[in-house]
Novice: 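After the structure tokens below, expect a handful of questions from me.
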Amino acid sequence: MSDGPLLSEKPAPPSPRSAKRRLTFVTLAGVLAIVGALAAGYYFAMRPVSLRIAVGPANSDDLKVIQNLAQAFNNQRNSLVRLRPVQTDGAVASANMLGEGKADLAIIRGDLEVPKNALAVATLRKNVVALWVLSAGKTKGRKAAPAITKIGQLAGRRIGVVGRTQANVNLLKVILRQYGVDPAKVEIVQFPASEAAEAIRGQKADAYLAAGPVNSKITADAIAASARDGGTPKFLAIDSAEAIAQNHPAYEAAEIPAGTFGSAPSRPEEEVKTISFAHHIVARKGISEATIAIFTRQLFAIRQTLKNEFPLAAKIETPDTDKDATIPVHPGAAAFVDGEEKSFLDRYSDYIWWALMAMSAMGSAGAWFAGYLKKDERNVNVSQRDRLLDMLTAARQCDSMDELDQMQAEADAILRHTLQCFEHGAIAEGTLTAFNIAIEQFHNAVADRKTLLMSVPQTLQRASAQFRAAGSA
């Protein structure tokens, strides 16, 4: 036998199919991971956001408006924001919930303490103050008192306030102080809204105050009760409304149009100056700009569809976007009002950029991993190339045609494996070129050796083989 081990005596080289399958699996897994990440990102970006909104008290107009809005939001198929009303005892409790982070939105009164984390989204409604007396100037069971024609004459009188909230009492005190009336010298009694009409019919006070929307049924019923039993309500104008608004930014000067609370006869008979304040929809500062922009857009779109069925929805107005506004506006609401609402690409451009960077990094990592998976193929190919060079040397000294045929078959197997490695990318084109040179030299050496052996008698070939075998032993 000739020198050098034959490949037939060694285990067959591992097939590159297993590496190819691994690479295909890794590639497929990477593609699925990218698609999954994109799908998850789109889902989280477009899924509806549920916002808790604190509103109260029970049976109030504010609660009814929010409940109708929540239902309309939920009925929209492509609604990106949903509302979940959380009923409270009133505006103060709603503000506290927002301040404690237990609500995302809240309905608050503008003349009460505003939570530090509250930002304006919309004006739910504006309220006017109605202040009136009976022209008879007396009450049942009491002596006749001088007629009251102006607010300064309320000192020493009993004033009835419609509603149980302390905010209305504080409002009355602000008005009295503006006209030099000490609130301590005035007897203030409060009537629940449901009992106000009965209390007024019983003439339990000399003057009355109610605060609510211009079309408030509670205020209208209270004034109508004042007109019974021959009494005629006389409205007291708040002529110093501008001064009050100047000293207390939560209030604004306003007018009650003639006939607002009745037209037969007109109540009031002519326009009356007064002050107003607003109920606001505010959002917690931590809510994202995009979410509030979408909520504001949906709010004003639905307001148009609800105003025919639910007139109170028509009172919703855009917030004050001035920098010196009493309640700073939320950036998302300001973007909607100013027409600067960001598009999908504007909102998520940074995320898209980072996703592209991540995909690039994943591509680089995938390329490295693919190269790592092909390391074994490259190592096998290097050993086979070395084996081919060894066979090239052995072929020039071989004295057996059978051994030459065996080496040639082995070289063909090496060639087949090398071409498969090239197809799978395990070896470069330059490596394949060098291998082609080696295989060509090997085949030339085998052809030359076979030609030589065929020209030598077989007896001489056997003698030469025996001599070499004895020398190697």
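Atom set for the values below is all heavy atoms of this structure, side chains included, hydrogens, waters and symmetry mates excluded. Remember, it's a predicted structure, so these values are computed and weren't measured experimentally.
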Novice: Thr123 pairs by side-chain contact (heavy atoms from CB on, under 4.5 Å) with which of His280, Lys315, His279?
Specialist: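 Of the listed options, the one satisfying the test is His280.
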Novice: Between Arg284 (side chain only) and Ala103 (backbone N and O only), is there a donor and an acceptor less than 3.5 Å apart?
Specialist: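 Yes, the answer is positive, given that a donor and an acceptor are paired below the 3.5 Å cut-off.
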Novice: Return the minimal non-hydrogen interatomic distance between Ala222 and Val162, and the atom names on each side.
Specialist: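 That would be CB-CG2, 4.5 Å.
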Novice: What's the separation between atom CD1 in Ile66 and atom CG in Asp61, rounded to the nearest 0.5 Å?
Specialist: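 So the CD1 of Ile66 and the CG of Asp61 are separated by 11.5 Å.
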Novice: Which atom names give the shortest non-hydrogen contact between Ala193 and Ile218, and what distance separates them?
Specialist: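 Closest approach of Ala193 to Ile218: CB-CD1, 3.9 Å.
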Novice: Looking only at atom types and distance, does a side-chain atom of Arg303 sit under 3.5 Å from a main-chain N or O of Ile316, one as donor and one as acceptor?
Specialist: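 Yes: the side chain of Arg303 pairs with the backbone of Ile316.
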Novice: Which residues satisfy the salt bridge (charged side-chain N to carboxylate O under 4.0 Å, His left out) test with Arg125, sequence neighbours excluded?
Specialist: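 For Arg125, the residues satisfying salt bridge (charged side-chain N to carboxylate O under 4.0 Å, His left out) (neighbours in sequence not counted) are Asp62.
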Novice: Within a strict 4.5 Å, meaning less than it, do heavy atoms of the His248 and Asp111 side chains meet?
Specialist: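 Sidechains of Asp111 and His248: no contact.
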Novice: Any idea which heavy atoms bring Leu236 and Lys150 closest together, and the distance?
Specialist: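 Nearest heavy atoms, Leu236 then Lys150: CD2-N, 3.9 Å.
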Novice: Hey, are Asp104 and Arg52 close enough for a salt bridge, meaning a charged N less than 4.0 Å from a carboxylate O?
Specialist: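 Salt bridge flag = yes for Arg52 with Asp104.
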Novice: How many angstroms lie between atom CD1 of Ile108 and atom CE of Met97, to the nearest 0.5 angstrom?
Specialist: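 Between Ile108 CD1 and Met97 CE, I get 14.0 Å after rounding to 0.5 Å.
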Novice: If you count every heavy atom of other residues, nucleotides or ligands that lies below 6.0 Å from Lys273 atom NZ, does the total exceed 12?
Specialist: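 Yes, enclosed.
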Novice: Starting from the C-alpha separation in whole Å, work towards a yes-or-no answer on side chain to side chain contact (heavy atoms under 4.5 Å, CB included) for Leu171 and Tyr251.
Specialist: CA-CA 10 Å; Leu171 173 58; Tyr251 300 114; 3.4 Å; yes
Novice: Run the side chain to side chain contact (heavy atoms under 4.5 Å, CB included) check on Ile292 and Thr296 step by step: do they pass?
Specialist: CA-CA 6 Å; Ile292 295 302; Thr296 310; 3.9 Å; yes
Novice: So, Ser266 side chain and Pro268 main chain: donor-acceptor pair closer than 3.5 Å or not?
Specialist: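 Judged by distance alone, no pair lies under 3.5 Å.
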Novice: Under a 3.5 Å distance rule, please check whether Asp322 uses its side chain to pair with a backbone N or O of Asp324 as donor and acceptor.
Specialist: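 Judged by distance alone, no pair lies under 3.5 Å.
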Novice: Give me the ring orientation class for Phe235 and Trp132: parallel if the planes are under 30° apart, tilted from 30 to 60°, perpendicular past 60°.
Specialist: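 Rings of Phe235 and Trp132: tilted, as their planes differ by 30° to 60°.
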Novice: Ignoring hydrogens and geometry, is there a side-chain-to-backbone donor-acceptor pair from Asn117 to Leu98 under 3.5 Å?
Specialist: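 The answer is yes, because a donor-acceptor pair under 3.5 Å joins these two groups.
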Novice: Give the intermediate values and the outcome of side chain to side chain contact (heavy atoms under 4.5 Å, CB included) for residues Ile148 and Leu154.
Specialist: CA-CA 7 Å; Ile148 300 173; Leu154 291 175; 3.9 Å; yes
Novice: When you measure from the side chain of Gln298 to the backbone of Leu80, do you find a donor-acceptor pair of N or O atoms at a distance under 3.5 Å?
Specialist: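 Yes, because the side chain of Gln298 sits within donor-acceptor range (under 3.5 Å) of the backbone of Leu80.
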Novice: Please say whether more than 12 non-hydrogen atoms of neighbouring residues, nucleotides or ligands are located less than 6.0 Å from CD in Glu317.
Specialist: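 Buried by this count: over 12 neighbours within 6.0 Å.
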Novice: Between Val189 and Arg158, is the side chain to side chain contact (heavy atoms under 4.5 Å, CB included) condition met? List the steps.
Specialist: CA-CA 7 Å; Val189 293; Arg158 176 183 289 182; 4.1 Å; yes
Novice: Any chance CD of Glu270 has more than 12 other-residue heavy atoms, nucleotides or ligands included, within less than 6.0 Å?
Specialist: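 Result for CD/Glu270: open.
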Novice: Are more than 12 heavy atoms from other residues, nucleotides or ligands located less than 6.0 Å from atom CG of Asn74?
Specialist: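 Correct, the count exceeds 12.
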Novice: Taking the side chain as every heavy atom from C-beta outward, state whether Ile223 and Thr219 have any pair of such atoms under 4.5 Å apart.
Specialist: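 A side-chain contact exists here, since the closest heavy-atom pair is under 4.5 Å.
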Novice: With a 4.5 Å limit on heavy-atom distance, are the side chains of Gln178 and Asn247 in contact?
Specialist: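 Of all side-chain heavy-atom pairs linking Asn247 with Gln178, at least one is under 4.5 Å.
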Novice: Keeping the roles fixed (side chain from Thr274, backbone from Val129), state whether a donor-acceptor pair exists under 3.5 Å.
Specialist: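 Confirmed, Thr274 side chain pairs with Val129 backbone.
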Novice: Between Leu131 and Val272, is any pair of side-chain heavy atoms under 4.5 Å apart?
Specialist: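 No. Closest side-chain heavy atoms not under 4.5 Å.
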Novice: Could you give the distance from CZ (Phe295) to CG (Leu69), rounded to the nearest 0.5 Å?
Specialist: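 Answer rounded to 0.5 Å: 7.5 Å.
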Novice: Please report the shortest heavy-atom distance between Ala95 and Glu113, naming the atom on each side.
Specialist: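 Looking at all heavy atoms of both residues, the closest pair is CB-O, 4.5 Å.
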Novice: Do Asn96 and Glu100 get their side chains close enough for a donor-acceptor pair, meaning under 3.5 Å?
Specialist: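 Per modelled atom types, Asn96 and Glu100 side chains form no pair under 3.5 Å.
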Novice: Distance from Gln190 atom CD to Gln166 atom CD, nearest 0.5 Å?
Specialist: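 Going from the CD atom of Gln190 to the CD atom of Gln166 covers 6.0 Å.
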Novice: Within a reach of under 6.0 Å around CD of Gln304, are more than 12 heavy atoms found that belong to other residues, nucleotides or ligands?
Specialist: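 Atom CD in Gln304 is crowded, with more than 12 foreign heavy atoms closer than 6.0 Å.
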Novice: Taking atom CD1 of Ile327 as the centre, report whether more than 12 heavy atoms of other residues, nucleotides or ligands fall under 6.0 Å from it.
Specialist: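 Check passes, neighbour count above 12.
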Novice: For the atom pair CD1 (Ile281) and CG (Leu119), what is the distance rounded to the nearest 0.5 Å?
Specialist: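 Reported value, rounded in 0.5 Å steps: 14.0 Å.
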Novice: What pair of heavy atoms forms the shortest contact from Ala205 to Gly160, and how long is it?
Specialist: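 So the minimum-distance heavy-atom pair works out to CB-N, 3.5 Å.
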Novice: Find out whether Tyr179 and Asp239 are in side-chain contact, i.e. whether some heavy atom of one side chain is under 4.5 Å from a heavy atom of the other.
Specialist: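 The answer is yes, as the side chains (C-beta and beyond) meet within the 4.5 Å cut-off.
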Novice: Please enumerate all residues that pass salt bridge (charged side-chain N to carboxylate O under 4.0 Å, His left out) together with Asp182, with sequence neighbours excluded.
Specialist: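 By the salt bridge (charged side-chain N to carboxylate O under 4.0 Å, His left out) rule, Asp182 matches no residue at all.
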Novice: Can you tell me how far the CZ atom of Arg82 sits from the CG atom of Asn75, to the nearest 0.5 Å?
Specialist: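 It is 9.0 Å, given to the nearest 0.5 Å.
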Novice: Between Ala72 and Leu306, which heavy-atom pair has the shortest distance, and what is it?
Specialist: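 Taking every non-hydrogen atom into account, CB-CD1, 4.2 Å.
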